[in-house]
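Everything on this sheet refers to the single structure shown next.
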Amino acid sequence: ARRASERLIVSEETRATLEDRGIELVCHDVDITSKKTLRALITGSNPDCVLVLADDEAITDEASDERTVRILLYMREYRKLSNRQFSITSEIHEGLNKVLVATTGPEDFIVGSHIAALLMAQISQEREISNVFDALLASEGYEVYMKPASWYVPLDSELDVFTISHAVAKRGDVFIG
């Protein structure tokens with residue numbers, strides 16, 4: 001998808017891919033920074049999930065984040081008041097803003113533009129990996145914990161990946177790296 005003078009253009013290939021996966025893409029040309037407009041959109045569409053992308057046309061990353069955070073807060077407020085259940089994924093540029101947003105609503109998923117770009121690049125190279133990302137990033141609550149290598153193997157000698165992954169598997173964990 002790309003912007004063309006304030007209009008979102010989505011390729012036919014993208015639309016077909018979404019339809020094949022049972023995803024309905026709905027585009028509206030409105031000011032979503034208006035609380036009233038945003039509530040009307042959510043009420044009218046009753047979404048399962050909402051994706052808020054950063055405003056790449058903003059003058060600064062901070063301005064883009066300010067817009068995204070405002071929209072995110074409006075959606076969280078509406079979700080709470082209306083007792084509706086939907087997940088929200090937001091793209092935030094600045095690290096401190098990510099921390100702030102995550103601490104005020106840990107049930108939502110926050111990504112940086114760098115991470116989003118890396119995910120898209122990986123999926124474009126190998127489409128099958130999107131199933132893995134779908135499972136890992138689902139709102140149902142998959143979690144990844146970082147644990148010290150010393151829990152699994154001695155740190156005073158060189159080890160191959162097989163030895164490390166075997167040691168991790170013996171403890172019932174999964175080795176990523």
Side-chain angles (χ1 to χ4, degrees), residues 1-120 122-123 127 129-145:
R2 61 183 170 82
R3 286 195 177 274
S5 61
E6 300 303 316
R7 264 188 26 248
L8 184 66
I9 298 172
V10 179
S11 73
E12 289 304 316
E13 178 185 359
T14 300
R15 283 189 187 276
T17 301
L18 292 173
E19 285 177 14
D20 288 347
R21 294 182 180 192
I23 299 171
E24 178 185 6
L25 177 64
V26 179
C27 298
H28 297 278
D29 187 12
V30 296
D31 176 17
I32 61 169
T33 59
S34 159
K35 188 186 282 192
K36 182 179 176 182
T37 303
L38 192 59
R39 282 186 179 184
L41 280 173
I42 294 171
T43 301
S45 62
N46 195 25
D48 295 319
C49 60
V50 176
L51 174 64
V52 181
L53 296 175
D55 182 1
D56 291 334
E57 295 177 1
I59 295 172
T60 65
D61 285 348
E62 191 64 38
S64 174
D65 285 356
E66 185 272 330
R67 175 188 169 275
T68 303
V69 169
R70 184 174 344 131
I71 293 166
L72 178 61
L73 292 174
Y74 289 164
M75 284 193 294
R76 285 179 179 170
E77 176 187 30
Y78 177 76
R79 182 174 59 190
K80 183 177 179 182
L81 293 174
S82 68
N83 219 12
R84 290 180 185 247
Q85 296 299 315
F86 56 89
S87 63
I88 306 168
T89 301
S90 304
E91 180 184 27
I92 302 287
H93 290 292
E94 299 289 328
L96 290 175
N97 293 333
K98 287 178 205 170
V99 172
L100 173 66
V101 169
T103 58
T104 61
E107 70 279 359
D108 298 321
F109 190 66
I110 312 300
V111 297
S113 56
H114 182 69
I115 292 172
L118 289 174
L119 288 173
M120 286 187 227
Q122 280 191 298
I123 291 169
R127 294 207 186 275
I129 201 166
S130 70
N131 295 330
V132 174
F133 290 136
D134 287 346
L136 288 175
L137 303 177
S139 62
E140 288 83 38
Y142 284 95
E143 298 176 5
V144 176
Y145 295 96

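One finds the CG atom of Leu38 at 11.0 Å from the CG atom of Leu73 (value rounded to the nearest 0.5 Å). Within the model, atoms CG of Asp65 and CD of Glu91 stand 9.0 Å from one another, a figure rounded to the nearest 0.5 Å. Of the inter-residue distances, the one linking Ser82 atom OG with Met75 atom CE reads 12.0 Å to the nearest 0.5 angstrom. Note: Arg79 CZ to Leu72 CG = 8.0 Å, rounded to the nearest 0.5 Å.
Under the rule for a salt bridge (charged side-chain N to carboxylate O under 4.0 Å, His left out), the partners of Arg70 that lie at least two apart in sequence or sit in another chain are Glu66. Residues satisfying the side-chain hydrogen bond (donor to acceptor under 3.5 Å, both in side chains) test with Tyr74, not counting sequence neighbours, are none. Under the side-chain hydrogen bond (donor to acceptor under 3.5 Å, both in side chains) criterion, Thr37 pairs with Ser34, not counting sequence neighbours.
Residue Ile59 places its CD1 atom among 12 or fewer non-hydrogen atoms of other residues, nucleotides or ligands, all under 6.0 Å distant.
Taking every heavy atom of both residues into account, Pro47 and Ile42 meet most closely at CD-O, 3.6 Å.
Formation of a donor-acceptor pair under 3.5 Å by the Arg84 side chain with backbone atoms of Tyr78 is not found in this model.
Side-chain atoms of Asp48 and Ser87, non-hydrogen and from C-beta on, never get closer than 4.5 Å to each other.
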